[in-house]
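A quick write-up on the structure given underneath.
Just so it is clear: chains get the letters A, B, ... in the order the sequence lines come, proteins before strands, and each one is counted from 1. This one's a predicted model, so the numbers in the text were calculated from it and none came from an experiment.
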Number of protein chains: 2
Amino acid sequence: MSGPDRDTQANRALRALRDRIFDGTITGGARLYEVALSETLGLSRTPLREALGRLEQEGLVDRAEGGGFMVRRFSFADVVDAIELRGVLEGTAARLAAERGADSATFARMRAVVTELDSAVPGDPRALRFDRYVALNDEFHALLAVLCGSTVIRRELERATGLPFASPSAFLAVQEEVPAFRRSLGLAQAQHRAAVEAIGRREGARAEAILREHAQIARANLEYVLAEDRRLIPQVPGLALVKH
Amino acid sequence: MSGPDRDTQANRALRALRDRIFDGTITGGARLYEVALSETLGLSRTPLREALGRLEQEGLVDRAEGGGFMVRRFSFADVVDAIELRGVLEGTAARLAAERGADSATFARMRAVVTELDSAVPGDPRALRFDRYVALNDEFHALLAVLCGSTVIRRELERATGLPFASPSAFLAVQEEVPAFRRSLGLAQAQHRAAVEAIGRREGARAEAILREHAQIARANLEYVLAEDRRLIPQVPGLALVKH
DNA sequence: GATGCCAGGGATGTATACATCATGGTTCGG
DNA sequence: CCGAACCATGATGTATACATCCCTGGCATC
């Protein structure tokens, strides 16, 4: 096997740590002691440190004063900012795709995805095909990151959506769960469609505005969860690691 | 000494590698062999790998297929995109500062910096105090990253301006060198002033637009260098590592 | 001549022992 | 009683030896 996802000790440590941070086993602000962790995970300090370095890249872990690592602490304000950032960057990706011209094969696939999404969000919300919606939604956003052909933009977008609660599908579970929000899936899909239209017509400003607003759906969901139904918190990936 | 900038072997390696990449000693696309490098730099592979990991964070180095690292290759299109990205992120920082309210101490200092910049860019371009301008310009942009109080935004902005040619002062040397561009220092300063005004008046959209346009000065300088005077390329930090 | 296999060399991945440094408590002097 | 220096402890930082894996080139086979 080749590629950066080989089954190496460092990758094992990376996955294990990510899991423990996401599910709250390791709580925000906690210091990560290398010897203890390496014993817990059953590997040596060398690959563990490698994994910690990569977690720093992902933004889940920070370097402590005087050496060592600690789990990054997130507030709900950070989640709002991360959502805002995603909107800004996706908006930029869309605008550049419109201005510079979208890669035609990618754009064709994006059109197809939007059409398929239509069938996943039928008029009757009870007929929602949720898993299919999530997969197609992820693909739409992945295509968007690639659409304008800029490595710089793509990398930045991938980094920004790396935090679990900033992912384009982070709050979809909430939307499925809460009947009042099922409707907003239709809104989101209308925005997908409008974005494709704007990019196709090379209307950069419109494309940008649409994707910024698109991200705000996530913010609305977040605010609903916080204000109305905190039991949903564990349903949203990564929200468990936010201190509240 | 404390903090993350201790004088450790890994930091030494980091600085040494950065230097060699910036000045073109190690050319873009080159594979970084760990044993050879560790012998050259006079340290062991462990801190060297640590440094390589951090260079990956900075975006100067990529992981190769099947393990190992290689120097990232940049095109001039990448430089344009990095400048665009900086504009977008600085614009966002300014908009959020306007919308949410700027931290008052930071904002006061920013006003002061702009006033001091005025004295560094006098009406007569021959009286330019260049070093002072560079220092104050750097401070202005650093303050901007902090102004809205969002850790998420600040980190992203710092990352995006980490690439040397995306730094706010990357092209200042060109502007000093080329008489035709000295004037644009005055334009830049007018934008600094306008940005402060817009943020103070909580005019978010205007603040965002100003900082986006502000970044375009760098793009203009880049295009001048490419089209008119390629001898200036080595003068711009990091432009040496762009393949042409 | 093309293709697939195998072996060898050289690279990265990992473990571990050792060096160094940060920190907190204790003791001694003022 | 307070402060500063020192020392013990346990953490991270580093070197190095070893394990593993990838790639290349040559050879045999089809």
message: Distance check needed: D:dA15 C1' versus B:Arg12 CZ, whole Å only.
response: 14 Å
field: Pair A:Arg54-A:Gln57, side-chain donor/acceptor within less than 3.5 Å
entry: no
query: Does any N or O donor sit under 3.5 Å from an N or O acceptor when you compare the side chain of B:Thr8 with the base of D:dT14?
result: no
- line: Taken to the nearest whole Å, CD/A:Glu65 to P/C:dT23 is 8 Å
- request: For A:Leu32, report the nucleic acid contact type (base, sugar-phosphate, nothing); a contact means any heavy atom under 4.0 Å.
  value: sugar-phosphate
Neighbour count above 12 (heavy atom, 6.0 Å) for B:Arg109 CZ: yes
query: Atom CG of A:Leu43 to atom P of C:dT16: distance rounded to whole Å?
result: 11 Å
field: Donor-acceptor pair between B:Glu90 and B:His214 side chains, under 3.5 angstrom
entry: no
field: Nearest non-hydrogen partners of B:Arg73 and B:Gly28, listed with the distance
entry: NH1-O, 3.6 Å
field: d(CZ, A:Phe69; C1', C:dA22) in whole Å
entry: 16 Å
- line: Among the nucleotides D:dT12, D:dT14, C:dT12, whichever has the atom closest to the side chain of B:Arg49 is C:dT12
message: Return whichever of A:Gly68 or A:Thr46 has its heavy-atom-nearest nucleotide of DNA chain D closer to the 5' end.
response: A:Gly68
task: Ignoring the backbone of B:Arg31, work out which of D:dA17, C:dT16, C:dA11 is nearest its side chain.
output: C:dA11
- prompt: Nearest heavy-atom pair of B:Ala166 and B:Ala82: which atoms, and what distance?
  reply: CB-CB, 3.9 Å
task: Please report, rounded to the nearest Å, how far the C1' atom of C:dT12 is from the CD atom of B:Glu50.
output: 17 Å
Whole-Å gap separating P (D:dA11) and CE (A:Met70): 15 Å
statement: Whole-Å distance, A:Asp7 CG to D:dC22 P, equals 11 Å
Atom CZ of B:Arg100: over 12 foreign heavy atoms under 6.0 Å: yes
- prompt: When the distance from CG of B:Asn11 to P of D:dT12 is rounded to whole Å, what number comes out?
  reply: 17 Å
task: Identify, residue by residue, the members of residues 33-41 of chain B with a heavy atom below 4.0 Å from DNA chain D, and return them in order of residue number, or none.
output: none
- request: Decide whether B:Ser150 and A:Asp81 meet the rule of one side-chain donor and one side-chain acceptor closer than 3.5 Å.
  value: yes
